[in-house]
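Notes for the one structure printed next.
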Amino acid sequence: MRTFNVNSPFLYGVTAVVIVYVLAQSLFFLIRASRRARELGIQTRIIKKTILSTSLFTIAPAAAILLGVITLSKFMGLPLPWLRLSILGALTYELPAASSTATAMNLSLSASITDPKAYTAIAWVMTLGIIPGIFVVLFGLKKMQSGIVSLKSKDPKWGEIFMSSMFLGMISAFVGMLFSDVRMGLPGFIPIAVALVSALLMAVEGILIKVCKWGWLEQYALPISMLGAMAASIPLTALMGC
Amino acid sequence: MKTYNDSVHFYGRIWVALGIFLMIMVPVSTCVYYDAWPAFEHVFKGLLGVAPIFWTVGIIEVFTYAPMLGTGGTYLGFITGNLTSLKVPAALNAMQAANVEATSEEGEVISTIAIATSAIVTTLIIALGVLMLGYLQPLLESPVLTPAFDNILPALFGGLGVVYISKNWKIAIAPLVFMIVLFVLVPSLASSVGVLVPVGALVCIGVSRILYKKGKL
């Protein structure tokens, strides 16, 4: 048996293969979609703005994902968390998966894994615990999309309302979640205050876009309101954190 | 003649099938390289703790997010992950800013561009962060920045919410009130918010249908 190390060059090699694959797939879809956008008459200016604004918007959540990699790395080394958080999944899934398997093996999450069998058990659980959704995409997406197209063609107005309802269903669930700690007292209102700051910034930006004709701001409105609210959360937590 | 959408399905399925193969090869190759196959019992017990909820959430997410992400966006988003906190809001924001409908072909390509960009930027930031870990770790873990990272979702859904709620306030009220009351009464549901996304969507679709039939929309 080879000597096991959670940060071994072999594990970095495996991670590199998967990350290169993710980059290649993303580039493939980016190039094809950009070409199609031009064929559809979408101006290059809009495509560039979409890329720039999405890049800006991604910075803060990506930094949070990096924080997740650091959290898991204390137990599992860098390669596996790096790999897992670059593909399907999120810290909210990977951490319970690691913790559930560690508990099943009576391991502590506070020290680095030394047993390769424990490491591979966690790697299997992280992989198998989230994979069914991708099989649905692989075998069911085409049928599902044709259902949406037929709904839209039967009654275009209802099709539009239906889509807006789907968006609002998701937004309602996450806005509702912000209220889950209100029974804790003032600190439980911090997420609501942060969301209100973000909403207020977005509203001000909306006024600037419509009234002052600052059209360029439209693409950057969400990244600005999100980063502004995150910055505001620091004094708000100091004030309301008790 | 093959349409753009047909070709997205064709290539999308190839990329997803290869992606699944690679994901499974990660534990397989590690087991083979270290000759360390885990006990079935340990994997089973570990799965028992996560599979019932995450298999359900994973399958529900496909039905909920696929209509929002479009064809290319779904094939890409479900391989690159971080859907709720990153890919779905990125796609919604890009379509909103470019003023295109989610179900149109223009919406499809803008959503795909946003998701692909987000996946590339995330991958690069994580890679750069890992390379510069010594410098970044103290900064990212500093107590001063902790509230900012703890509040990413409120900061995201506050801004995104105000746009969609103000545009569709008639159909937004019922699911919002329903969700707020539900989370206040059962705070522990916050850990399984993914399951409640389709519930919110169903409430909203139901209310919309009633209002639409009555000619109020």
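All of these numbers come straight from a predicted model, not from anything done at the bench. Numbers restart at 1 for each chain; the letters A, B, ... are given by sequence-line order, proteins then strands.
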Handout entry: Residue, of Val43(B), Leu124(B), Asn5(B), that accumulates the most heavy atom pairs under 4.5 Å with chain A
Key = Val43(B)
Practice task
Name the region of Phe63(B), side chain, backbone, both or neither, that has any atom closer than 4.5 Å to a heavy atom of chain A.
Solution key: both
Handout entry: is_close_aromatic(Tyr75(B), Phe29(A)), centroid dist under 6.0 Å
Key = no
Handout entry: Proximity breakdown for Asn5(A) and chain B, heavy-atom pairs closer than 4.5 Å
Key = backbone
Completion exercise
Interface check, chain A: of Gly200(B), Ala97(B), Gly73(B), most non-hydrogen pairs under 4.5 Å belong to Ala97(B)
Completion exercise
The interface call for Ala24(A) against chain B, heavy-atom contacts under 4.5 Å, is both
Exercise for the section: Answer yes or no: is there a side-chain heavy-atom contact under 4.5 Å between Ile113(B) and Ser34(A)? Expected result: yes
Fill in the blank from the handout: side-chain contact (heavy atoms from CB on, under 4.5 Å) with Ile171(A): of Leu176(B), Val197(B), Asn168(B), Ile165(B), only one passes, and it is Ile165(B)
Practice task
Under the side-chain contact (heavy atoms from CB on, under 4.5 Å) rule, what do Met179(B) and Phe174(A) come out as? Steps first, then yes or no, please.
Solution key: CA-CA 8 Å; Met179(B) 285 296 166; Phe174(A) 282 94; over 6 Å; no
Problem - Atom group of Phe157(B) that falls short of 4.5 Å from chain A, counting heavy atoms - result: both
Practice task
Run the numbers on Met226(A) and Ile152(B) for side-chain contact (heavy atoms from CB on, under 4.5 Å), then give the verdict.
Solution key: CA-CA 8 Å; Met226(A) 189 180 164; Ile152(B) 283 192; 3.9 Å; yes
Practice task
Under 4.5 Å heavy-atom distance to chain B, tell me which part of Ser55(A) shows up: side chain, backbone, both or neither.
Solution key: both
Practice task
Mind ranking Gly133(A), Ser172(A), Ala62(A) by heavy-atom pairs under 4.5 Å with chain B and telling me who comes out on top?
Solution key: Ser172(A)
Exercise for the section: With a 4.5 angstrom heavy-atom cut-off, could you sort out which part of Met166(A) is near chain B: side chain, backbone, both or neither? Expected result: both
Exercise for the section: Rounded to the nearest 0.5 Å, what's the gap from CD1 on Ile20(B) to OG1 on Thr127(A)? Could you check? Expected result: 12.0 Å
Practice task
Please tell me if the side chains of Leu138(A) and Trp15(B) come closer than 4.5 Å, counting only heavy atoms from C-beta onward.
Solution key: no
Exercise for the section: Return yes if some donor-acceptor pair links the side-chain N/O of Trp55(B) with the main-chain N/O of Leu128(A) below 3.5 Å, else return no. Expected result: yes
Practice task
Find out whether Ile46(A) and Val100(B) are in side-chain contact, i.e. whether some heavy atom of one side chain is under 4.5 Å from a heavy atom of the other.
Solution key: no
Handout entry: Interchain contact, Tyr220(A) with chain B, by part (heavy-atom threshold 4.5 Å)
Key = neither
Problem - Largest heavy-atom contact set with chain B, pairs under 4.5 Å, which of Ala98(A), Ala121(A), Ala118(A), Ser225(A) - result: Ala121(A)
Handout entry: chain B contacts, top residue of Phe28(A), Phe162(A), Phe135(A) (heavy-atom pairs, under 4.5 Å)
Key = Phe28(A)
Exercise for the section: Could you please spell out the steps behind the side-chain hydrogen bond (donor to acceptor under 3.5 Å, both in side chains) verdict for Thr123(B) and Ser86(A)? Expected result: CA-CA 6 Å; Thr123(B) 310; Ser86(A) 299; 5.4 Å; no
Problem - Part of Val14(A) within contact of chain B (heavy atom distance under 4.5 Å) - result: side chain
Exercise for the section: Would you sort out whether Trp37(B) and Trp124(A) count as a side-chain contact (heavy atoms from CB on, under 4.5 Å), showing the intermediate values? Expected result: CA-CA 10 Å; Trp37(B) 292 87; Trp124(A) 273 112; 4.1 Å; yes
Problem - For Ala190(B) against Ser180(A), the heavy-atom pair lying closest together - result: CB-OG, 3.7 Å
Completion exercise
The interface call for Leu30(A) against chain B, heavy-atom contacts under 4.5 Å, is both
Practice task
Name the region of Glu101(B), side chain, backbone, both or neither, that has any atom closer than 4.5 Å to a heavy atom of chain A.
Solution key: side chain
Handout entry: Interface moiety of Met177(A) toward chain B, non-hydrogen atoms closer than 4.5 Å
Key = both
Problem - Winner by heavy-atom pair count (cut-off under 4.5 Å) against chain A, out of Gly58(B), Ser208(B), Ala51(B) - result: Ser208(B)
Practice task
Apply the test side-chain hydrogen bond (donor to acceptor under 3.5 Å, both in side chains) to residues Arg32(A) and Ser7(B): give CA-CA distance (whole Å), side-chain angles for both, the deciding distance (0.1 Å), then the verdict.
Solution key: CA-CA 10 Å; Arg32(A) 281 180 59 86; Ser7(B) 76; 2.4 Å; yes
Practice task
With a 4.5 angstrom heavy-atom cut-off, could you sort out which part of Val8(B) is near chain A: side chain, backbone, both or neither?
Solution key: both
Problem - Per-residue contact mode, Ile14(B) against chain A (heavy atom under 4.5 angstrom) - result: backbone
Exercise for the section: Let me know if Leu83(A) has heavy atoms under 4.5 Å from chain B in its side chain, its backbone, both or neither. Expected result: side chain
Problem - Residue Ile120(B) versus chain A: region with a heavy atom under 4.5 Å - result: both
Exercise for the section: Measure the CG-OG distance between Asp150(B) and Ser233(A) for me, rounded to the nearest 0.5 Å. Expected result: 8.0 Å
Problem - Tyr164(B) side-chain N/O to Ser164(A) backbone N/O, donor-acceptor pair under 3.5 Å - result: no
Handout entry: Segment of Pro198(B) engaging chain A (4.5 angstrom heavy-atom cut-off)
Key = neither
Exercise for the section: Side chain from CB out, backbone as N, CA, C, O: work out which of these in Ile31(A) comes under 4.5 Å of a heavy atom of chain B, or both, or neither. Expected result: neither
Handout entry: Leading residue by heavy atom contact count with chain A [cutoff under 4.5 Å; candidates Val16(B), Val163(B), Leu47(B)]
Key = Leu47(B)
Practice task
With a 4.5 angstrom heavy-atom cut-off, could you sort out which part of Glu160(A) is near chain B: side chain, backbone, both or neither?
Solution key: side chain
Exercise for the section: Heavy atoms only, distances under 4.5 angstrom: which of Ala193(A), Ala63(A), Ser53(A) has the most pairs with chain B? Name it, please. Expected result: Ala63(A)
Fill in the blank from the handout: Bottom line for His9(B): the part with an atom under 4.5 Å from chain A's heavy atoms is side chain
Completion exercise
Applying a strict 4.5 Å limit to non-hydrogen atoms, the region of Val88(B) in contact with chain A is side chain
Problem - Heavy-atom contact with chain A under 4.5 Å, split by part of Ile24(B) - result: both
Handout entry: Residue, of Trp158(A), Phe4(A), Phe179(A), that accumulates the most heavy atom pairs under 4.5 Å with chain B
Key = Trp158(A)
Handout entry: chain A contact via Val203(B) - side chain, backbone, both or neither, heavy atoms under 4.5 Å
Key = neither
Practice task
Specify which of Ile130(A), Ile70(A), Val18(A), Thr101(A) makes the most heavy-atom pairs with chain B at under 4.5 Å.
Solution key: Ile70(A)
Handout entry: Contact origin within Leu211(B) toward chain A - heavy atom pairs under 4.5 Å
Key = neither
Fill in the blank from the handout: When the 4.5 angstrom heavy-atom criterion is applied to Gln25(A) and chain B, the contacting part is both
Fill in the blank from the handout: Most contact-rich option vs chain A, by heavy-atom pairs under 4.5 angstrom, among Ile60(B), Leu145(B), Thr122(B), is Thr122(B)
Problem - Close side-chain approach of Tyr34(B) and Phe10(A), heavy atoms under 4.5 Å - result: yes
Exercise for the section: Against chain A, label Ala127(B) side chain, backbone, both or neither, depending on which of its atoms sit under 4.5 Å from a heavy atom there. Expected result: both
Problem - Which portion of Glu108(B) sits near chain A, non-hydrogen atoms under 4.5 angstrom - result: neither
